Structure formats: structure tokens, C-alpha cells
Amino acid sequence: MDPALYTKYPLSVVNSLTRQKELFEPINPPLVGMYLCGPTVYGDPHLGHARSAVNFDVIFRYLAFLGYKVRYVRNVTDVGHLEDEVAGAGEDKVSKKARLEKVEPMEIVQLYTYRYRDALRQLNVLPPSIEPSATGHIIEQIEIIQSILKHGYAYEVNDSIYFDLGKYAQEQEYGQISGKVLEDLQSGSRQTEGLDEKRNPHDFALWKKASPEHIMRWNSPWGEGFPGWHLECTAMSTKYLGETFDIHGGGLDLQFPHHEAEVAQSYGAFHNHPANYWIHHNLITIDGQKMSKSKGNFITLEQLFTGDHSLLVQAYSPATIRFFILQAHYRSPVDFSNEALQAAEKGLTRLLSAQETLGKLDHQPGTLDEKLDKEINQLCERCYREMSDDFNTAKLIAVLFDLGSKINGFYHQQLNLTVISVETFQHLKQTFQDFISGVLGLQAEAGDDTQQKEGLIELLISIRNQARANKDFATSDQIRDQLKELGVQLKDEKSGSTTYSLTN
RNA sequence: GGUAGCGUGGCCGAGGGGCUAGGCGGAGGUCUGCAAAACCUCUUACAGCGGUUCGAAUCCGCUCGCUACCUCCA
């Protein structure tokens, strides 16, 4: 049996912890444990969610493609994410939404979890191995708090538990991922209410006592309360991946304070660093600005798919969105614009039609042209190298376009297919297929073809009306009757125009 | 203010001391009944100013501009 691809194409990744590109060496190859901080499910999924999921989907796919056996855990945050994290005050995001919509918090969670999954399915994002939720792991979270308390890195005040950053910082360097220094944070932080409970303004809640009106609450050794936001990821990653695992991912905006808190919690509970490689993807901007609720410039995925948003001049298919995201490297910011999306749409079509063309090629061996044969093999080889170099999807796509040119050249007989060897042709076929479909997860749309359908019907109506004008009623009746069989009922209005309705 | 990072051709975006992606758009051509598609050619840029170097878009310094995090959000 051939050795796994990962030995042939060793993977290197930029580790946020060291800010350097490092050789990827899993703890127990071929096993790889990967954790991604998923969404807080209290609103419709938007472009930012798509980027996170798509970037890590490709990482997941490529790791598996290389021969790793990946356990990919992507959580759903359904409790504990407060509106005002620093002050430890504010309302839980989920229960606030529930209050506003007058439903149970779990209805909010159910609705938006479903919408999130549905959008990702359309984007051809593979489901993770495990998709745990915070509320399903309250016991695990309590156990971790107990362990942190036992080790002395947390303290109890009025039935709430806070992490003791002061004590932690005496032993460990806090802020390694984000480059932040605790003293700077303290001098720069604003004064807020409700800090009196904490020894240090940046201590964060592990467990909060529930006020009487707080809906989402659980029993604990410290009375009724709810877990802090950062804790769930430590609890669930530990449960499913172990105290130290290979890859921890998330958006750049989660570096601080969320991931710093996770690092601190793991040390407090297990005296371990949770993950060997931290991978952070960059954010999506619109007109150079971050997409955010408060700026009101965010576009939901549904709006993108339907085109129903004032910033959109047309609808964009899920595949286009996926391709648009993957055309940039995951660590670069991506700026949204209609122009860029339209360019992506056309580029994707080009690539996918080359893929289709490849399937039609029939190779007959002839006289070998070593130069071309070698060139094609080298391009195939580069697909692996680019992806193994910190998942460079942008460069991979560039190589695929080059291969696409060759494929078109063969098809239109501008290049002679017989001059490459059988092996090279098979290699080309396999590589092109593997990377476009398997690794990048790009596929032609089955999706929304309403516009096309309408156009086709209108076209048939106008042909039929020409036939009627020519008194060619055999043709006009044939069009009407066969359309009816297909579920399109035509109606000739008194005004002379023709309308139609869909009957199924 | 502190921290991290960025400024690449008409647009989007890789790269990151000499080999100088790719896509979209634009121009010309081949093919074609006309188109379209495809293919070929052209469209050669790295914010500014200094410095290091035989050589800088790439390294260093400064200036300007932008973004993110420090508050909700991927």
C-alpha cells in the first residue's frame, strides 16, 4: 500500500500562537483532532459565518484527502454568550432574542441552528464529525470549574465563579495569541458597573449566578446559574478531543478574549495547553468595513442566494459564494462587492465547464511530447504543494485555471492530446477532479433556476404567438398542450397577450 | 491610546530579495453562416520618502492611509 499522501506532501500551517509557519505534526497520526468555534445561534447566518465554515470545511477536506483521520468538532453556542462580556452584565443573547420574539430560548436555538445548517448544506459544507451544543454540556462545564477551583485559579463571589487572571499571569504568559498584555488592557479598559465582584477587571466569569428573572438556568454546586461563554469550548473540546489536541480554529475576532480565555482555562483545569496549532481566518468586510450587526451592513446568506438586499445587484449562488471565499487566502481579509462576486461567478463557470470538458476527452496514446507531458505533471504536482503550504486555495485555483486552459486546448484540438502519456492523462483527470470537487467542494448548481425557467417559458410563448400569427396552429397547439403536460398552463387573454400559471 | 495586521495593475486577489500568479474587465487575432464558447497575443502593478544590497514589490526606518481586536459580531 502506498504511504499516506501526508508523508509525500508534508503540510505546513501558520500557527497564531507563534505567528510562524510550522510543519504540521499531529499528536497521534493519522488521527487529527480539530475544534472550531461555531456560531452563537440567535440570528440568521451571514457571509461571515459562511467564511468561517467554508474555510474550515476546506481544511477538513484537505486533511482527510491527505490521509488523516480527522475528528472535526464544531460547536453551537446556545447559552452563556452575554451582550456585555467584560462587565459580566447584560443579557444572554439567546434569551434576549427569545424575550423579544416571545418564544422559548430553545425555540430560538432550534430555529437558527436549523437555518445555519441549511445554509451550510447549500454551500456544500460537509457536516462536522460532532456538533455539540453548550447546553448539552453543563455537567462537563461544572466539572471543569471544579477542577479550576481546586487548582486555585478561580474564586467564588456571591455564588458566581470567576477565573483569577492575576494568579494565572504570575505563572503563564497571558495574551500569547492576541499579543495583548494584561497591564495595557487594564489601563485602557473603561470603567463599568458590576466590576466589584471581580478581583481584576479582566477576570472572566466561569459560572454566573442567575438573577430571578434569568430564564436559562441550571443547578450547580453554587446554586442556580449559567456557564460563562468561554467555558463551553474548553468543556466540549476536552470531552471529544482530549486535554490537548491538534488544531483549534476560529475567526480572528475570537483571538481575544475568547481563545486567550480557553488557554487560561485549560491551564487552570489541566495544566495543559489546549491546542498545538491555532488557526485563525480573517474577516469579511463590506466597502472596507467589518460586517456587523451594529453597523447594519451585514448580508445574510439567504439574501445573497435570493439577491434580496439593497447592496446586491443580483442573486449569487451558494457555489459562487463558496468560490469567492476560496479565491482569497483564509488569512487575508476579503472585501465584499458586487463586482468581485460577479467576477467570481464567471470564473467559477469557466472552471466547472473545463471540468465537464475533461470528462468528454478520450485519450489515445501517440508520440510523446515530453515538454507538454512534463508541464502537465508539474501543474498537477503544484496542486498538492500549494494546498500543503498553509492551505493556499488562491494559488491552487490559479493552478487549476492553468490546467483548465490545457483541457480546453485538448478539447478544441489546439493541443494534441495524443502527445501526453496515458499515465499523465489519468493523473490530470484524477487531480483535477480531486481538487475541484473533493478538496474545494465546488460543484455545478442544482440550485435556483427560476429565472432560467421563466425565460424559457417566455421564449416558447413568443414562438407560439408567431406561429399563431402565421396561422400555424399545429405548432401553437403543440406548444400549449405540451407545456400543459409539464405543468405550465397558458392562457390567451382578451387583450391579446399570453399569461401562464404553474399548475404543480 | 494599546495590540495585531494591511496598502499590489481598471476591479478582485496570490506572492514576498533576482524566475515576477490567477480571475474578471478591456484591445486585437484564429475559428465560425452570424453569434457564443474556446484558444492565442496584448493590457506588467506593488502607498510615499529614505536606507541595506550587485539587485527590493519583497528586508529595515520614517511618513501617510486603511482595517481588526481591546464592547456586540465569523
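Since the structure is predicted, the reported quantities are computational estimates derived from the model, not experimental observations. In what follows, chains carry the letters A, B, and so on, assigned in the order in which the sequence lines appear, proteins first and then strands, with residues in each chain numbered from 1. In what follows, every heavy atom counts, from backbone to side chain, and hydrogens, waters and symmetry copies are set aside.
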Query - Between B:rA37 and B:rA27 - P atom distance, rounded Å - result: 13 Å
Report summary line: Mate of B:rG10 across any strand shown (Watson-Crick or G-U wobble, both atom pairs under 3.5 Å) is B:rC24
Query raised in the report: Would you call A:Arg382 and A:Glu386 a salt bridge, using N to O less than 4.0 angstrom?
Result: yes
Query raised in the report: Reckon A:Leu283 touches a base, only the sugar-phosphate, or nothing at all at heavy-atom distances under 4.0 Å?
Result: base
Report task. Figure out the CG/P separation between A:Asp44 and B:rA74, and round it to whole Å. Result -> 12 Å
Query - Paired nucleotide for B:rU71 [Watson-Crick or G-U wobble; both distances under 3.5 Å] - result: none
Query raised in the report: Which base, if any, makes a Watson-Crick or G-U wobble pair with B:rC66, both distances under 3.5 Å?
Result: B:rG5
Query raised in the report: What is the distance from CZ of A:Phe256 to P of B:rC72, rounded to the nearest Å?
Result: 10 Å
Requested in this report: Look at all strands and tell whether A:Gly251 reaches a base, only sugar-phosphate, or nothing, counting heavy atoms closer than 4.0 Å.
Outcome: sugar-phosphate
Requested in this report: Flag the pair A:Tyr162 / A:Phe204 as yes when their ring centroid distance falls below 6.0 Å, and as no otherwise.
Outcome: no
Query raised in the report: Can you say whether the rings of A:Tyr62 and A:Phe391 are parallel (under 30°), tilted (30 to 60°) or perpendicular (over 60°)?
Result: perpendicular
Query - Between C1' of B:rA68 and CD of A:Gln255, the distance in whole Å - result: 10 Å
Query - Pairwise 5' ranking along RNA chain B for A:Gly409 and A:Cys37, keeping only the more 5' one - result: A:Gly409
Query raised in the report: Whole-Å distance between B:rA68 P and A:His281 NE2?
Result: 16 Å
**Report entry** Short side-chain N/O contact to B:rA38 OP1/OP2 from A:His412, under 4.0 Å
**Finding:** no
Requested in this report: Any strand is fair game: report the nucleotide pairing with B:rU44 by Watson-Crick or G-U wobble, both distances under 3.5 Å, or none.
Outcome: none
Query - Pair A:His280 and A:His259, ring centroids less than 6.0 Å apart - result: yes
Report summary line: Going 5' to 3' through nucleotides 12-25 of chain B and flagging B where a protein heavy-atom sits under 4.0 Å of the base, S where only the sugar-phosphate is that close, and - otherwise, we get SSSS-----BSSSS
Query - Rounded C1' spacing from B:rG13 to B:rC70 in Å - result: 30 Å
Query raised in the report: When rounded to the nearest Å, what value does the distance between C1' atoms of B:rC12 and B:rG26 take?
Result: 15 Å
Query raised in the report: If the P atom of B:rA14 is compared with that of B:rC72, how far apart are they to the nearest Å?
Result: 29 Å
Report task. In whole angstrom, give the distance that lies between atom CD1 of A:Ile59 and atom P of B:rA74. Result -> 18 Å
Report task. For nucleotides B:rG61 and B:rA21, find the distance between their P atoms and express it as a whole number of Å. Result -> 28 Å
Requested in this report: Using a strict 4.0 Å threshold on nitrogen-to-oxygen distance, state whether A:Arg115 and A:Asp118 make a salt bridge.
Outcome: no
**Report entry** Pairwise C1' distance, B:rU8 and B:rG65 [rounded to whole Å]
**Finding:** 15 Å
Query raised in the report: Hey, what's the ring geometry for A:Phe256 with A:Tyr174, parallel, tilted or perpendicular (30° and 60° as the breaks)?
Result: perpendicular
Query - Protein-nucleotide distance (A:His258, atom NE2; B:rU71, atom P), rounded to Å - result: 16 Å
Query raised in the report: Is the shortest side-chain N to carboxylate O distance from A:Asp389 to A:Lys395 below 4.0 Å?
Result: no
Query - Charged N-O contact under 4.0 Å between A:Lys97 and A:Glu101 - result: yes
Query - Counterpart base for B:rA57, defined by Watson-Crick or G-U wobble contacts under 3.5 Å - result: none
Query raised in the report: Which whole number of Å gives the distance between the C1' atom of B:rG1 and that of B:rG9?
Result: 37 Å
Query raised in the report: Hey, do the aromatic rings of A:Phe65 and A:Phe435 have their centres closer than 6.0 Å?
Result: yes
**Report entry** Closest to side chain of A:Lys180, choosing from B:rU3, B:rA74, B:rU67
**Finding:** B:rU3
Report task. Whole angstrom is fine here: how far is it from CG in A:Leu352 over to P in B:rA38? Result -> 13 Å
Report task. Can you tell me, in whole Å, how much space there is between the C1' of B:rU41 and that of B:rC31? Result -> 15 Å
Query raised in the report: Using a cut-off of 4.0 Å on non-hydrogen atoms, how would the nucleic acid contact of A:Leu254 be classed: base, sugar-phosphate, or nothing?
Result: sugar-phosphate
Query - Spacing of A:Ile177 atom CD1 relative to B:rA68 atom C1', expressed in whole Å - result: 16 Å
